[in-house]
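I have placed the structure first, in the form of structure tokens, so that the comments after it can refer back to it.
Only this structure's heavy atoms are used, side chains among them; waters, hydrogens and symmetry mates stay out.
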Amino acid sequence: MRLGISSWTFPWAIGVRGFPAPVRPMRLADLLEAAAALKVGVVQVADNLPLHELDSGELREALDQAVSLGLTIEVGTRGIEPTHLLRYLEIAAEFKAVLLRTLTHAAGSQPSLAQAEKWIREVLREFEIRGVTLGLENYEAHSCRDLATLVCRLESSHVGICLDTVNSLGALETPECVVQTLAPLTVNLHVKDFDIERAPHRMGYTVRGVPAGTGQLTIPWLLKQMPSGGNISAILEQWPPPGESIDATVSMEREWAERGIQYLRCCGCT
């Protein structure tokens, strides 16, 4: 599998709303340089680093930088309203990206799955013509079975699942359930490790992110479940807890990324 990072590999370095910001927040050029330093070939630019806020000149500079560093770009956003998807399809074309990852819900837009199907059908032909695959990410808003049903109903090789290993815990679905249901439809994988710990008072549990390979996610098993013969990317994402300062948190996040990428390489990702 092709190994990569995302803007969600470094959420604290980019900035998390409602928390202290870094002195110099990570921007797209910095993310591309981080990918080069980690020697990965794929960068997924997601909704926490919104590409539609860049002008055409900035997009061209980013593309030139990616080409010079030998990086493949994947585009990410939130929302599935037709005008929004078409806007991001144009951005994907700018980057020569073949994957657009999104979630069904965005701020001010929470369509039902029936409405989601209608909206995606409105733009699906354009995705097929451009050769861009739409990856719908699983998360707590929908059960994995319902999301799989939506993808199957659309009956297109240009719509699939962006499988996230932790998001569906919020819908009481384990990674095993997620993989069993969604792996055959997967076009992109988000590797995000975690631990579930009992609270100190013994009443309840806490889900927390941990460096890839150190938690309860069985990553070698996960990778073996992915469709063979495709061109799927394995993107390292992270949920680092905030530290005693934003500088300490960003430093920890960077260390986790280095450890996680090294571990995924040992698991066979390239």
Should [X] and [Y] be counted in the same cluster of Ile, Leu, Val, Met, Phe, Trp and Tyr side chains packed under 4.5 Å apart?
X	Y	value
L163	L223	yes
L154	V98	no
V210	I261	no
L89	V123	yes
I235	V40	no

Non-neighbouring partners of [X] that pass salt bridge (Lys or Arg N to Asp or Glu O under 4.0 Å), sequence neighbours left out:
X	result
D30	R24
D55	none
R87	none
E137	R101

Less than 4.5 Å apart, side chain to side chain, heavy atoms only: is that true for [X] and [Y]?
X	Y	answer
L150	V159	no
E94	L63	no
P227	L185	no
V42	L3	no
T214	Y263	no
W221	V179	yes
I5	F10	yes
S6	T9	yes

Hydrophobic cluster mates of [X], side-chain heavy atoms under 4.5 angstrom, ILVMFWY only, any path?
X	result
L103	Y139
V250	W12, V16, F19, I246
V187	L99

Treating [X] as the side-chain partner and [Y] as the backbone partner, does any N or O pair qualify as donor plus acceptor under 3.5 Å?
X	Y	result
T249	P242	no
S251	D247	no
E253	A13	yes
H190	A234	no
T206	A199	no

Restricting to non-hydrogen atoms, name the atom on [X] and the atom on [Y] that form the minimum distance, rounded to 0.1 Å.
X	Y	result
T133	G160	CG2-N, 4.4 Å
A34	M26	CB-CE, 4.4 Å
L69	A36	CD2-CB, 3.9 Å
E122	P82	OE1-CG, 3.4 Å
H105	P111	NE2-O, 3.1 Å
G15	P22	CA-CD, 4.2 Å

Going by an N to O cut-off under 4.0 Å, is there a salt bridge joining R2 and E74?
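Yes, R2 and E74 are salt-bridged.
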
Got more than 12 heavy atoms from elsewhere within 6.0 Å of [atom1], [X]?
X	atom1	value
R198	CZ	yes
R121	CZ	yes
Q262	CD	no

Do [X] and [Y] have side-chain N/O donor and acceptor atoms under 3.5 Å apart?
X	Y	value
T77	H84	yes
E173	N138	no
Q180	Q225	no

Nearest-0.5 Å distance, [atom1] of residue [X] to [atom2] of residue [Y]:
X	Y	atom1	atom2	result
D47	Y88	CG	OH	8.0 Å
E117	L113	CD	CG	9.0 Å
C152	I161	SG	CD1	8.5 Å
L182	M226	CG	CE	9.0 Å
L54	R27	CG	CZ	9.5 Å
E81	T104	CD	OG1	11.5 Å

List in chain and number order the residues that pass side chain to side chain donor-acceptor pair (under 3.5 Å) with S143, two or more places apart in sequence or in another chain; answer none if no residue qualifies.
D146

What pairs with E128 under side chain to side chain donor-acceptor pair (under 3.5 Å), at least two apart in sequence or on another chain?
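Testing E128 for side chain to side chain donor-acceptor pair (under 3.5 Å), a comparison that skips the adjacent residues, returns S156.
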
Any pair counted as salt bridge (charged side-chain N to carboxylate O under 4.0 Å, His left out), so long as it reaches residues 254-270, sequence neighbours left out
none

Do any pairs count as a salt bridge (charged side-chain N to carboxylate O under 4.0 Å, His left out) and have a residue in residues 185-195, sequence neighbours left out, and if so which ones?
D164-K192, K192-E237, D195-R208

Steps toward side-chain contact (heavy atoms from CB on, under 4.5 Å) verdict (L236, L38)
CA-CA 12 Å; L236 175 68; L38 290 167; over 6 Å; no

Taking it one step at a time, do F194 and T165 satisfy side-chain contact (heavy atoms from CB on, under 4.5 Å)?
CA-CA 9 Å; F194 69 99; T165 53; 5.8 Å; no

All side-chain contact (heavy atoms from CB on, under 4.5 Å) counterparts of S112, not counting sequence neighbours:
A114, Q115

Criterion side-chain contact (heavy atoms from CB on, under 4.5 Å) on E90 and R130, from CA distance to verdict
CA-CA 9 Å; E90 290 298 326; R130 296 289 189 98; 2.6 Å; yes

For F95, the option from L71, V45, L51 that meets side-chain contact (heavy atoms from CB on, under 4.5 Å)
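Only match with F95 under side-chain contact (heavy atoms from CB on, under 4.5 Å): L51.
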
Run through I73, L49, N188 and flag the one making a side-chain contact (heavy atoms from CB on, under 4.5 Å) with Q44.
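That would be N188; it is the only one of I73, L49, N188 passing the side-chain contact (heavy atoms from CB on, under 4.5 Å) with Q44.
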
Trace of the side-chain contact (heavy atoms from CB on, under 4.5 Å) decision for L85 with W119
CA-CA 9 Å; L85 287 180; W119 280 347; 5.9 Å; no

